[in-house]
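First the structure, in the form of structure tokens, and then the observations on it.
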Amino acid sequence: MRENRDMRRSDWQRILRREYVSRDCEICGIRGKESLLVIREVTGPLTVHDAGEDVLIVDTDYAWVQIAQEGQPFWLTAMYDAQGKLIQIYFDITNGNRFDDPENPTFEDMYLDIVVNSRGELYVMDRDELDQALEEGTVTAEEWSRADAACTYLYAYLTGNREAVTALCNRVYQELWAQLEK
């Protein structure tokens with residue numbers, strides 16, 4: 001079953017206390033929303049397996065920058081540790097980003113993900129989950145094709161533009177952190 005997620009991550013029970021700030025943005029002429037979610041207290045840390053090693057992505061005082069653009073089939077999440085060091089940049093391939101609630105955009109997850117880890121390595125995750133969803137009828141052949149095409153396009157873009165995307169995430173992190181502290 002496909003999950004719907006929101007920018008505030010309001011359904012995430014792991015987060016006991018959070019701070020959140022968002023603003024409208026325009027990147028490459030495309031409107032959207034960018035946010036900073038500061039995780040102040042959690043029920044427990046969250047570690048993921050990343051290219052052969054375990055990586056802590058959620059703990060007390062960790063922060064997530066999220067960027068969603070209208071009409072785009074992906075959602076960017078950049079994860080920072082408690083010292084403000086970038087852990088990884090994670091792209092969910094989506095079935096579109098929705099802005100029905102302009103203060104809390106949502107997306108429907110299409111299983112595929114692209115990760116740029118802290119070493120700058122780029123890889124695709126969960127293609128098997130997308131394939132399985134097609135076999136089970138959770139996604140249509142058209143949705144599978146759109147997700148695959150979006151992943152292929154975004155991967156090619158990131159191959160040549162990792163540094164620019166990293167710089168964008170760091171700029172948004174710094175600007176929204178300053179806004180949160182006001």
Side-chain angles (χ1 to χ4, degrees), residues 2-12 15 18-39 46 48 50 55 57-58 61-82 84-118 120-126 146-147 149-182:
R2 287 185 272 185
E3 295 180 20
N4 286 310
R5 298 200 178 126
D6 66 45
M7 196 167 264
R8 290 181 186 272
R9 301 291 173 150
S10 55
D11 66 328
W12 214 2
I15 302 174
R18 72 186 82 212
E19 291 181 70
Y20 175 84
V21 63
S22 68
R23 67 182 182 191
D24 294 334
C25 66
E26 187 171 310
I27 301 167
C28 298
I30 302 172
R31 293 178 26 189
K33 185 71 91 176
E34 48 195 24
S35 70
L36 177 67
L37 172 66
V38 181
I39 302 162
L46 175 62
V48 296
D50 175 9
V55 178
I57 62 167
V58 173
D61 295 329
Y62 276 47
W64 287 17
V65 166
Q66 296 177 88
I67 301 173
Q69 293 177 283
E70 294 176 0
Q72 297 301 308
F74 59 85
W75 183 289
L76 180 156
T77 304
M79 301 160 190
Y80 292 83
D81 70 15
K85 180 182 173 206
L86 181 63
I87 300 167
Q88 70 178 14
I89 302 171
Y90 191 97
F91 291 87
D92 286 283
I93 302 300
T94 71
N95 197 18
N97 302 321
R98 293 176 185 79
F99 294 85
D100 302 334
D101 177 350
E103 295 305 312
N104 193 23
T106 62
F107 72 89
E108 183 180 11
D109 191 10
M110 288 300 293
Y111 305 102
L112 276 176
D113 306 298
I114 299 175
V115 175
V116 180
N117 67 19
S118 62
E121 298 166 336
L122 178 66
Y123 55 94
V124 175
M125 293 176 41
D126 302 331
R146 279 197 317 264
C151 184
T152 300
Y153 172 81
L154 185 56
Y155 188 93
Y157 177 81
L158 291 168
T159 297
N161 294 284
R162 273 177 276 209
E163 294 82 16
V165 172
T166 299
L168 169 68
C169 293
N170 289 334
R171 179 183 58 77
V172 171
Y173 172 80
Q174 291 168 358
E175 291 173 1
L176 289 178
W177 191 269
Q179 185 178 335
L180 190 66
E181 290 182 328
K182 285 184 180 178

Tell me the closest heavy-atom pair linking L176 and V21, and the distance in Å. O-CG1, 3.7 Å
Which heavy atom of N117 sits nearest to which heavy atom of E121, and what is that distance? ND2-OE1, 2.7 Å
Nearest heavy-atom contact between C169 and I89 is SG-CD1, 4.0 Å
Distance from T106 atom OG1 to N4 atom CG, nearest 0.5 Å? 6.0 Å
Are any of the side-chain heavy atoms of E103 and K33 separated by less than 4.5 Å? yes
In terms of heavy-atom contacts, does OH of Y153 have more than 12 from other residues, nucleotides or ligands at under 6.0 Å? no
Quick one: sort the F74 and F91 rings into parallel, tilted or perpendicular, breaks at 30° and 60°. perpendicular
Which distance, rounded to the nearest 0.5 Å, do you find between the CD1 of I93 and the CE of M125? 12.0 Å
Test your reading of the model: is there a side-chain donor-acceptor pair from R23 to the backbone of Q179, 3.5 Å cut-off? no
Check the pair V165, L76 against side chain to side chain contact (heavy atoms under 4.5 Å, CB included), reporting the backbone distance first and the verdict last. CA-CA 10 Å; V165 172; L76 180 156; 4.0 Å; yes
Taking the side chain as every heavy atom from C-beta outward, state whether Y62 and I87 have any atom pair closer than 4.5 Å. yes
Is the shortest side-chain heavy-atom distance between L46 and W12 below 4.5 Å? yes
For the pair W64 (side chain) and M7 (backbone), establish whether a donor and an acceptor sit closer than 3.5 Å, ignoring hydrogens and angles. no
Report yes or no: does N97 contribute a side-chain atom to a donor-acceptor pair with the main-chain N or O of F107 at less than 3.5 Å? no
Locate the shortest heavy-atom distance separating N104 from R8; write the atom from each residue and the value. OD1-N, 2.9 Å
Spatial distance of atom CZ (R162) from atom CG (L122) [nearest 0.5 Å]: 5.0 Å
Counting C-beta onward and ignoring hydrogens, is there a side-chain heavy-atom pair between R146 and N95 closer than 4.5 Å? yes
Check for a donor-acceptor pair, side chain of D92 on one end and backbone N or O of T94 on the other, with a separation under 3.5 Å. no
Minimal non-hydrogen separation, P105 against W75, with atom names: O-CH2, 3.5 Å
The side-chain hydrogen bond (donor to acceptor under 3.5 Å, both in side chains) partner of W177 among E175, E181, Q174 is E181
Atom pair OG1/CG of T77 and D113 - distance to nearest 0.5 Å: 9.5 Å
Could you tell me which non-hydrogen atom of C151 sits nearest to which non-hydrogen atom of L112, and how far apart they are? CB-CD1, 3.6 Å
Do V58 and I39 touch side chain to side chain, with heavy atoms closer than 4.5 Å? yes
Kindly indicate whether the side chain of D24, heavy atoms from C-beta on, has any atom under 4.5 Å from the side chain of R31. no
Counting C-beta onward and ignoring hydrogens, is there a side-chain heavy-atom pair between Y80 and N170 closer than 4.5 Å? yes
Side chains of I114 and V124: does their closest heavy-atom pair fall under 4.5 Å? yes
Got a donor-acceptor contact below 3.5 angstrom from the Q69 side chain to the I27 backbone? yes
Please report the C-alpha distance between Y173 and L36 in whole Å, then the side-chain angles of each, then the deciding distance to 0.1 Å, and finally whether the side chain to side chain contact (heavy atoms under 4.5 Å, CB included) criterion is met. CA-CA 7 Å; Y173 172 80; L36 177 67; 3.9 Å; yes
With rounding to the nearest 0.5 angstrom, report the CD to CD distance, E26 to E34. 11.0 Å
Ignoring hydrogens and geometry, is there a side-chain-to-backbone donor-acceptor pair from R18 to L37 under 3.5 Å? no
